[in-house]
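Structure record follows, encoded as structure tokens.
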Amino acid sequence: KAGVTQTPRYLIKTRGQQVTLSCSPISGHRSVSWYQQTPGQGLQFLFEYFSETQRNKGNFPGRFSGRQFSNSRSEMNVSTLELGDSALYLCASGLMTGGYEQYFGPGTRLTVT
Amino acid sequence: KNEVEQSPQNLTAQEGEFITINCSYSVGISALHWLQQHPGGGIVSLFMLSSGKKKHGRLIATINIQEKHSSLHITASHPRDSAVYICAVGINTDKLIFGTGTRLQVFP
């Protein structure tokens with residue numbers, strides 16, 4: 001069974017631009033969570049989606065948004081990029097929500113210049 | 001104070017040594033996860049625990065819910081075990097709160 005895939009793997013953007021990252025969960029998984037990893041803050045929770053509904057949101061500004069489609073694929077969008085948004089963005093999928101094992105994708109490394 | 005504390009932050013070992021990484025948390029949790037991250041970023045889920053003990057190969061994870069403490073043990077460590085080990089706790093649904101990680105280096 002294919003693992004979690006994330007596209008693109010690497011991205012360079014300029015301050016003020018917007019970016020969309022994509023995550024395809026493992027087939028049959030309905031839960032997708034997004035995380036940001038930076039050297040200064042470590043890993044932080046962004047959002048969680050289950051059956052196209054956002055179930056939980058971390059402490060990030062409104063520039064960070066996401067959605068989940070009926071096939072469980074998820075996208076996250078960051079508008080008006082700032083230098084501090086440079087990070088590794090990871091998504092993880094799970095069979096169900098609420099204490100199930102999560103499987104992580106390889107991440108998208110975003111660099112904002 | 002962080003909700004999830006890991007110790008030690010850095011750990012070096014000789015091949016074959018028994019290794020223990022500790023994780024303490026201060027919040028109510030639905031589950032505790034141990035994750036492994038190699039250089040380059042990829043994260044692998046090693047264990048998910050809500051009670052007791054789990055073993056997979058040379059890795060053992062234990063959790064004490066009353067004491068809010070978990071340990072990850074690596075028996076007969078090997079250089080390929082070198083990685084960052086991250087403890088994360090699940091709070092409601094699938095929101096994870098992460099520790100800062102333990103960087104392990106195992107030398108031949």
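Each chain gets a letter, A, B and so on, in the order its sequence line appears, and its residues count up from 1.
Atom CD1 of A/Ile12 is surrounded by 12 or fewer heavy atoms from other residues, nucleotides or ligands within 6.0 Å. Around CG of A/Asn71, the count of heavy atoms belonging to other residues, nucleotides or ligands within 6.0 Å exceeds 12. Other residues, nucleotides and ligands contribute over 12 non-hydrogen atoms within 6.0 Å of the CZ atom of A/Arg73.
Distance check: B/Met48 CE to A/Glu101 CD gives 6.0 Å after rounding to the nearest 0.5 Å. Put simply, CD on A/Gln41 and OG1 on B/Thr100 are 12.0 Å apart, with the number rounded to the nearest 0.5 Å.
Of the two parts of A/Gln37, only the side chain, counted from C-beta on, holds a non-hydrogen atom closer than 4.5 Å to a non-hydrogen atom of chain B. When heavy atoms are compared at a cutoff of 4.5 Å, A/Leu90 approaches chain B solely by way of its side chain, counted from C-beta outward.
The stretch residues 52-83 of chain A participates, sequence neighbours left out, in these ring pair (Phe, Tyr, Trp, His ring centres under 6.0 Å) pairs: A/Phe60-A/Phe64. Within the structure, side-chain hydrogen bond (donor to acceptor under 3.5 Å, both in side chains) pairs that include any residue of residues 47-62 of chain B comprise B/Arg58-B/Asp81 (at least two apart or interchain).
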Could you check A/Leu43 against B/Leu96 for side chain to side chain contact (heavy atoms under 4.5 Å, CB included), going step by step and ending with a plain yes or no?
CA-CA 9 Å; A/Leu43 275 158; B/Leu96 294 182; over 6 Å; no

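Smallest separation of non-hydrogen atoms from A/Gln44 and B/Phe98: N-CD1, 4.4 Å. For the residue pair B/Leu35 and A/Phe104, the shortest heavy atom distance occurs at CD2-CE1, 3.9 Å. Taking both residues in full, the closest heavy atoms of B/Ser45 and A/Gln102 are given as CB-O, 3.5 Å, listed atom of the first, atom of the second, then distance.
A single hydrophobic cluster is not seen to contain both A/Tyr49 and A/Val4; linkage of ILVMFWY side chains at heavy-atom distances under 4.5 Å, directly or through other members, places them apart.
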